[in-house]
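One structure is given below, encoded as structure tokens.
Throughout, protein chains are lettered first and strands after them, A, B, ... in sequence-line order, and every chain is numbered starting at 1.
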There are 2 protein chains.
Amino acid sequence: MTETRVLDDLLCFDLYSLSRMVTALYRPVLEPHGLTYPQYLVLVSLTRLGTCSIGDIGRATRLDHGTLTPLLRRLADRGLLTLDRSAADARSVTVSLTPDGEALRPVFHEAQCHLGESLGMTEQQVRRLQTTLHQLAEHLDNPA
Amino acid sequence: MTETRVLDDLLCFDLYSLSRMVTALYRPVLEPHGLTYPQYLVLVSLTRLGTCSIGDIGRATRLDHGTLTPLLRRLADRGLLTLDRSAADARSVTVSLTPDGEALRPVFHEAQCHLGESLGMTEQQVRRLQTTLHQLAEHLDNPA
DNA sequence: AAAGAGTATCTTGTGCACAACTATCTTGTA
DNA sequence: TACAAGATAGTTGTGCACAAGATACTCTTT
């Protein structure tokens, strides 16, 4: 039993530590463009969602509003996206990629390629690990 | 191929996101004691290592010195540990748990138990996932 | 003894993570 | 219409993550 508890503890540390190691893998590709990993996540989700609200981005990235507000402002200040209060619903802020932001798509692709090479895993291994992580995340979201 | 790249991308996001979800699981147990998850990691590694240097803790937790220095100072200010420059090697700072720090051991155990219940995984599932994460971390440390 | 390499730690600065609180707006209900 | 409930964002404050540069020390080599 104690053994299991120690394993649980280690598992969580492994997730925590490996997550930061993987984030570091992106750095050599993203930093030359002045981007951080969370900024990369936000921009990629924007390219997939298209123009959307801050709340939409938060759901896609699981990032808090308190994280997204300053992050989006920094990206808007650099001209990569625009933030406009919605005319239809004045509570909502609409986020859109600018042409400068769209121009970063090749960088996102490069980052993905770089990561694929760095992982050193087969596609099957990646799928299997991903399934495990998804199941765990699902369980934590809905412990039902 | 593009498919694989998307998988890689998602895998990394899953790690990043799941890591924060698991950290959040610790919060209900740690917060009443005024502890954060990184502080918990440092204190647990101290209970396992015994008195040691800041560098030892950094290797155990994979935390940067710039993270550890203020973190340790906060814990020292609260009387949970002591920081003393080593007499033998004046470069090194020795970290020791105080009795107040030792008294938190039951909290660490409670956190582990809480997490074990929250994960909803069998011991075998935990072991398997952990093995995968260890292999990946090892590969990233030594891409040889 | 003195210089240089290597190590351990600290300092500073930017950005993210998250909690608590506030302001504003929409919608359902009376 | 008016109001309470709930949602959407913003603001503020603390702590962590990490890079870059500074400081101080040890050890080896000369």
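- Counting to the nearest Å, the C1' atom of C/dA17 and the CD atom of A/Gln39 are 14 Å from each other.
- Checking the phosphate oxygens (OP1, OP2) of D/dA9, a side-chain nitrogen or oxygen of A/Ser92 falls inside 4.0 Å.
- An OP1 or OP2 oxygen of D/dA19 is reached within less than 4.0 angstrom by a side-chain nitrogen or oxygen of A/Arg27.
- Within the 3.5 Å criterion, the main-chain N or O of A/Arg62 finds a donor-acceptor partner in the side chain of B/Arg20.
- Among the heavy atoms of the strands lying under 4.0 Å from B/Thr67 is at least one base atom, whether or not backbone atoms are also near.
- Distances shown here put a side-chain N or O of B/Arg20 below 4.0 Å from the OP1 or OP2 atom of C/dC18.
- Residue A/Arg73 is in sugar-phosphate contact alone, with no base atom involved, counting any heavy-atom pair closer than 4.0 Å across all strands shown.
- A donor-acceptor contact shorter than 3.5 Å links the side chain of B/Ser45 to the backbone of B/Val42.
- Residue B/Tyr16 has its side chain nearest to C/dA17 when only C/dA17, C/dC10, D/dA17 are considered.
- Between C/dA17 and B/Thr23, no contact under 4.0 Å exists linking OP1 or OP2 to a side-chain N or O.
- The distance between atom CG of A/Leu75 and atom P of C/dT14, rounded to the nearest whole Å, is 17 Å.
- In this structure, CG of A/Asp64 is placed 15 Å from P of C/dC21, rounded to the nearest angstrom.
- Aromatic ring pairs are classed by plane angle as parallel below 30°, tilted from 30° to 60° and perpendicular above 60°; the pair B/Tyr26 and B/Tyr37 is tilted.
- Note on A/Gly66: a base of the nucleic acid sits closer than 4.0 angstrom, heavy atoms only.
- At whole-Å resolution of the value, CG in B/Leu72 and P in D/dA17 are 12 Å apart.
- With hydrogens and angles ignored, the 3.5 Å screen pairs no side-chain donor or acceptor of B/His114 with any backbone N or O of B/Val29.
- Taking atom CZ on B/Arg85 and atom C1' on C/dT7, their separation rounds to 13 Å, with Å as the unit.
- The distance between atom CD1 of B/Ile57 and atom P of C/dA8, rounded to the nearest whole Å, is 14 Å.
- If you take CD1 on A/Ile57 and CG on A/Leu81, they are separated by 7.5 Å, rounding to the nearest 0.5 Å.
- Contact check, B/His65 against C/dC10: a side-chain N or O comes under 4.0 Å of OP1 or OP2.
- For B/Ile54 and C/dT9, the CD1 to P distance is 5 Å, given to the nearest whole Å.
- Atom pair B/Leu71:CG and D/dC18:C1' shows a separation of 14 Å (rounding to whole Å applied).
- Distances shown here put every side-chain N or O of B/Thr69 at or beyond 4.0 Å from the OP1 or OP2 atom of C/dT9.
- Looking at heavy-atom distances under 4.0 Å, A/Ser53 makes contact with sugar-phosphate atoms alone, never a base.
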